[in-house]
Amino acid sequence: MKEYAPCFSGAPAGCPDGMWERGSMAAVLAKAMAFVCIIAMGYGLKKIGFFHANDFYLISKIVVRITLPAAIVSNFSRISMDMSLLVFCVIGLVCNIVMVALGYLMNVRNSREAKAFDMLNLSGYNIGNFTMPFVQSFLGPVGFAATSLFDAGNAVMCTGVTKSVASMVLGGDEKVSIKKMLKNLFSSVPFDAYIVMTALAILGLKLPQVLLIFADTAGGANAFLALLMIGIGFEIHADKEKTAKIVRILVVRYGTALLFALGFYFLSPFSQELRQTLAIVVFGPVSSVSPAFTGELKGDVELASAVNSLSILCSIVAITVALIVLL
């Protein structure tokens with residue numbers, strides 16, 4: 001695989017002239033602080049009435065259906081990829097399976113409701129809306145492509161398999177449906193972009209220049225809009241009595257992420273950039289669809305939303321530290 005040096009830029013098309021100097025703690029902290037400020041700006045503007053709660057869904061549609069797919073097209077067009085990189089799909093799938101299993105095992109003596117809740121809210125990674133902006137800014141196109149493929153495997157679980165398994169544990173009559181899972185997957189524009197661009201990259205084919213220029217321009221807005229969207233959607237509503245449950249889930253989630261990161265970075269056979277990518281991606285926050293699926297299974301949506309929002313704060317800190325240590 002061709003090696004690329006990452007650019008210090010928020011846009012997926014990146015800085016063509018100046019390469020980012022790796023290992024600069026000041027640069028990492030400055031960029032991370034900028035990300036936090038964008039999230040805080042979204043939250044603050046919502047509180048003063050500039051944005052409303054429903055605006056989250058509008059911006060989410062723009063990110064998921066336009067800017068994120070454009071960023072995928074832009075970055076995939078800059079790599080020479082071999083078949084070995086597809087193993088990242090499997091890694092994304094396996095990481096989810098491990099977290100789902102942990103959610104079940106840590107509640108062996110508890111109720112079915114507790115098992116199902118933890119299976120849903122321990123697993124899944126919010127890659128497209130959260131982790132991608134970090135990857136776009138600090139890693140090169142190869143790192144971005146690896147993250148995208150990890151997310152493809154992650155999406156297989158997040159878009160229905162985890163919920164179906166949790167439903168069976170809960171005692172519902174829902175069964176894992178391959179047809180339904182495939183329908184959910186291919187109705188996702190980012191997933192379709194992953195598939196198309198991966199195929200083109202493997203075949204060595206290129207899109208027309210006008211499409212790449214469009215992708216560069218639209219994809220450059222992805223980091224800002226995704227982070228602004230997180231700020232608009234950020235809310236924490238949980239009773240004090242639920243604090244212990246939230247802490248337990250987050251400790252297990254990020255403790256396991258640390259073990260994943262150490263294992264991937266020191267034990268995996270990949271290049272340094274790919275090992276760095278894996279060590280960063282596993283610190284992503286809980287999947288944004290977890291609260292919705294929790295609600296569909298009649299679980300505690302308020303608790304799930306609190307876990308989801310707090311995982312964003314934890315991930316900001318964890319990924320920033322990981323970047324400082326690894327780059």
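The figures here come from the full heavy-atom set of this structure, side chains too, leaving out hydrogens, waters and symmetry mates. Since the model is a prediction, treat every value here as computed from it, not as a measurement.
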What distance do [X] atom [atom1] and [Y] atom [atom2] have between them, rounded to the nearest 0.5 Å?
X    : Y    : atom1 : atom2 : value
D118 : L102 : CG    : CG    : 10.0 Å
M229 : T67  : CE    : OG1   : 8.5 Å
F138 : I324 : CZ    : CD1   : 9.0 Å
I316 : M33  : CD1   : CE    : 10.0 Å
I312 : N126 : CD1   : CG    : 6.5 Å
I97  : L93  : CD1   : CG    : 4.0 Å

Please confirm whether the backbone N or O of [Y] pairs with a side-chain atom of [X], one donor and one acceptor, at under 3.5 Å?
X    : Y    : value
T277 : A146 : no
N222 : L68  : yes
S167 : K163 : no
S74  : A70  : no
S309 : A306 : no
E113 : L170 : no

**OP:** Kindly check if the number of other-residue, nucleotide or ligand heavy atoms within 6.0 Å of CZ (R248) is above 12?
**Re:**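 Atom CZ in R248 is crowded, with more than 12 foreign heavy atoms closer than 6.0 Å.
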
Subject >> Exceeds 12 heavy-atom contacts within 6.0 angstrom, atom NZ of K206 >> reply: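 Enclosed.
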
Subject >> From CA spacing to verdict: side-chain contact (heavy atoms from CB on, under 4.5 Å), V286, L122 >> reply: CA-CA 7 Å; V286 177; L122 262 178; over 6 Å; no

Ignoring hydrogens, what is the shortest heavy-atom contact between [X] and [Y]? Give both atom names and the distance.
X    : Y    : value
V63  : A226 : CG2-N, 3.8 Å
F35  : P133 : CZ-O, 3.5 Å
V165 : M119 : CG1-CE, 3.5 Å
A166 : L297 : CB-CD1, 3.9 Å
I39  : L227 : CG1-O, 3.5 Å
S287 : P291 : O-CD, 4.0 Å

Subject >> ring-ring contact (aromatic ring centres under 6.0 Å, His included) partner of F88, the single match among F150, F264, F270 >> reply: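 Of the listed residues F150, F264, F270, the ring-ring contact (aromatic ring centres under 6.0 Å, His included) partner of F88 is F270.
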
Subject >> Among L205, D192, L207, side chain to side chain contact (heavy atoms under 4.5 Å, CB included) partner for M197 >> reply: L207

Original post:
Side chains of N96 and S123: do they bring a donor and an acceptor to under 3.5 Å?
Top reply: no

**OP:** Let me see the working for I59 and L228 under side-chain contact (heavy atoms from CB on, under 4.5 Å), right down to the final yes or no.
**Re:** CA-CA 8 Å; I59 298 178; L228 185 70; 4.2 Å; yes

Is any side-chain heavy atom of [X] less than 4.5 Å from a side-chain heavy atom of [Y]?
X    : Y    : value
L211 : V73  : no
V64  : V189 : no
N154 : C95  : no
S164 : V161 : no

NZ or CZ of [X] within 45° of [Y] ring axis and under 6.0 Å:
X    : Y    : answer
R275 : Y265 : yes
R253 : Y125 : yes
K115 : Y104 : yes

**OP:** Just say parallel, tilted or perpendicular for the rings of F134 and F130, cut-offs at 30° and 60°.
**Re:** tilted

Original post:
For F260 and Y254, what are the C-alpha separation, side-chain angles and deciding distance, and is it a ring-ring contact (aromatic ring centres under 6.0 Å, His included)?
Top reply: CA-CA 9 Å; F260 279 158; Y254 288 94; over 10 Å; no

Original post:
Does the pair K245 and V307 meet the rule for a side-chain contact (heavy atoms from CB on, under 4.5 Å), with working shown?
Top reply: CA-CA 9 Å; K245 295 180 181 179; V307 169; over 6 Å; no

**OP:** For side chain to side chain donor-acceptor pair (under 3.5 Å), just list the numbers for N308 and S290, CA-CA rounded to whole Å, side-chain angles, deciding distance to a tenth of an Å, and then say yes or no.
**Re:** CA-CA 8 Å; N308 204 275; S290 294; 4.9 Å; no

Original post:
Who passes salt bridge (Lys or Arg N to Asp or Glu O under 4.0 Å) against D300, sequence neighbours left out?
Top reply: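 For D300, the residues satisfying salt bridge (Lys or Arg N to Asp or Glu O under 4.0 Å) (neighbours in sequence not counted) are K242.
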
Subject >> Single-linkage hydrophobic cluster, 4.5 Å side-chain cutoff, L200 and I213 together >> reply: no

Subject >> Path from I195 to I91 over hydrophobic side-chain contacts below 4.5 Å >> reply: yes

Subject >> Trace of the side-chain contact (heavy atoms from CB on, under 4.5 Å) decision for L303 with F117 >> reply: CA-CA 10 Å; L303 181 60; F117 182 90; 3.5 Å; yes

Original post:
Is any NZ, NE, NH1 or NH2 atom of the basic residue among K46 and D55 found under 4.0 Å from an Asp or Glu carboxylate oxygen of the other?
Top reply: no

